[in-house]
Amino acid sequence: MQNTYLDKQYHAFKQRYPNETEYLQAIHHVLTSIDAIMDDHPEYEAYNIIERLLEPERVIGFKVTWLDDNNQVHVNRGYRVQHSALIGPYKGGLRFHPSVTQSVLKFLALEQTFKNSLTTLPMGGGKGGSDFDPKGKSNREIMTFCQAFMRELFHHLGEDVDVPAGDIGVGQREVGYLYGYYKKLTNQVTSSMTGKDTAIGGSLVRQEATGYGLAYFVDTALRKMKNTSLKGKKVLISGSGNVAIYAAEKVIELGGNVIAMSDSSGYIHCEECVDLDAIKTIKEEKRERIKTYPDYDDKGKYHDDPAKLWEIDADIALPCATQNELDATAVKHLVDNSIMMVAEGANMPTTEDGIALLRQHEILFAPGKAANAGGVLVSGLEIAQQAQFSTWSFDTINQRLKEGMKGIFEAIHQTAKEFNKADDLQFGVNVYSFRKLANAMLQQGVV
Ligand code: NDP
């Protein structure tokens with residue numbers, strides 16, 4: 001970093017949180033982008049905007065004690081990181097996965113604040129979750145855990161305060177249990193959680209929103225920056241959860257061919273296109289492993305080691321599983337196979353050296369902060385519908401999602417162009433969001 005204030009701040013964060021590698025990585029992404037604008041904005045240093053914006057407003061930690069089906073008592077750690085309420089209530093998902101730590105949630109909450117500022121809706125940023133592992137748990141155990149988790153978290157939520165949604169390990173089933181118990185504890189029916197099933201006040205298109213939004217973003221970027229589209233493209237998608245499945249659905253609808261998908265144990269490869277109904281049956285209905293795919297479609301081959309998915313020759317790569325899954329080794333394979341574009345459905349799935357390699361080879365890179373913003377955008381529309389006491393049609397919401405993703409692309413592309421970096425969408429997103437948040441901070445005084 002050229003700017004001494006930024007450099008000093010980065011080193012101070014490193015000293016303060018030496019073990020929070022994911023959080024530091026997310027901070028580094030932001031600082032390296034905004035380095036270029038610091039000299040024109042002395043007020044950012046004068047009002048210490050960097051430290052104030054990157055440090056979360058509040059980190060809540062609690063113990064979650066629950067009983068399994070055999071009456072064994074378990075203890076997990078629960079957290080909510082309320083990162084920023086500068087432009088609206090804290091908003092962001094809950095993640096249940098053994099890899100959850102304070103560092104992971106702090107990076108996710110920071111990215112969420114930047115992402116939410118792109119949506120044009122009044123939402124701040126937050127993230128939460130637990131190191132609870134939902135894999136292999138009975139339905140009853142999942143419900144018991146969700147209730148124990150909410151018994152602690154509900155004190156900190158509310159439609160005007162903090163509105164969680166789902167993330168890894170938290171889908172509609174878990175949101176239902178969490179929301180049901182929240183209502184029981186508060187005796188209030190409000191939009192204090194999103195990602196609900198439509199039967200209990202959720203919005204149409206919310207389940208599909210992140211994946212659909214990603215495909216809309218990719219198609220728009222290809223048209224505007226590469227003079228082509230998703231039509232006929234061979235696409236690799238990691239993961240087979242919520243984001244991956246609905247990204248695949250929209251990619252196929254827009255004429256692309258999804259030739260590989262994965263879970264954390266392995267991946268499937270189909271020469272032509274995956275059978276998405278089979279994937280949905282395996283993952284959504286039966287909650288099985290992707291290994292069983294060849295039982296449904298004998299044209300698909302299963303292989304262990306999900307990282308090898310990136311070795312397949314394709315046009316577009318959509319990492320939709322988890323952070324740092326796409327490292328420099330994987331990117332090297334993509335580069336060797338002349339990949340045209342990498343777009344992040346997951347949050348921070350590409351490592352820093354992976355991104356550097358993509359840039360070095362001038363491969364179009366769409367950062368998750370922008371490319372996966374469709375989920376929270378429709379969460380915002382879910383809040384709006386519940387507050388209005390009305391429901392909107394699938395087509396209306398889908399159209400708003402499509403226009404919203406196009407709007408996000410235009411905003412960050414325009415910002416990148418302003419600095420003669422038209423092909424650098426990561427620069428565009430960080431500078432666009434930072435300027436908006438810094439302005440909101442300056443207007444509200446030192447609080
Ligand atoms: P899900 O829990 O629905 O799915 C996660 C998927 O990723 C599962 O298939 C999981 O497999 C797989 N996975 C995890 N680790 C690996 C790995 N190392 N290699 C291959 N596959 C792996 O989560 P979501 O789809 O909701 O979230 C995925 C990503 O998208 C996360 O980064 C999340 O933060 C981000 N995101 C989600 C949004 C949403 O609306 N849900 C919104 C914006 C971003 P397995 O079952 O084996 O663990």
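Numbering of ligands and ligand atoms starts at 1, following listing order.
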Candidate pair Lys63 and Asn76, rule side-chain hydrogen bond (donor to acceptor under 3.5 Å, both in side chains), full reasoning: CA-CA 6 Å; Lys63 178 176 73 174; Asn76 285 94; over 6 Å; no
Contact check, Gln323 vs ligand 1, heavy-atom distance below 4.0 Å: no
Check: Asn372 N/O within less than 3.5 Å of ligand 1 N/O: no
Expected output: side-chain Gln426 to main-chain Ala366 donor-acceptor under 3.5 Å: no
Atom indices of ligand 1, in the order listed, that fall short of 4.0 Å to a heavy atom of Arg206: 40 (O)
Ala244 N/O to ligand 1 N/O under 3.5 Å: no
Top protein contact for atom 20 (C) of ligand 1, by heavy-atom distance: Asp263 O, 3.2 Å
Min heavy-atom dist Gly171 to ligand 1 below 4.0 Å: no
Numbering as shown, the atoms of ligand 1 that approach Asp167 to under 4.0 Å (heavy-atom distance): 26 (O), 33 (C), 34 (O), 36 (N), 37 (C)
Over all atoms of both residues, closest heavy-atom pair of Lys369 and Leu118: O-CD1, 3.4 Å
Backbone of Gln72 reached by a side-chain donor or acceptor of Asn70 within 3.5 Å: no
Any N/O pair Lys135/ligand 1 closer than 3.5 Å: yes
Donor-acceptor side-chain pairing of Gln82 and His156 below 3.5 angstrom: no
Nearest heavy atoms of Thr144 and Leu67, plus distance in Å: CG2-O, 3.7 Å
Donor-acceptor contact present, side-chain His333 to main-chain Lys308, <3.5 Å: no
Protein heavy atom at shortest distance from atom 41 (N) of ligand 1: Asn242 OD1, 3.6 Å
Short N or O distance, Gly169 and ligand 1, threshold 3.5 Å exclusive: yes
For ligand 1, the portion of Thr210 having any non-hydrogen atom under 4.0 Å away: side chain
Residue and atom name of the nearest protein heavy atom (relative to atom 18 (N) of ligand 1), distance in Å to one decimal: Thr322 CG2, 4.1 Å
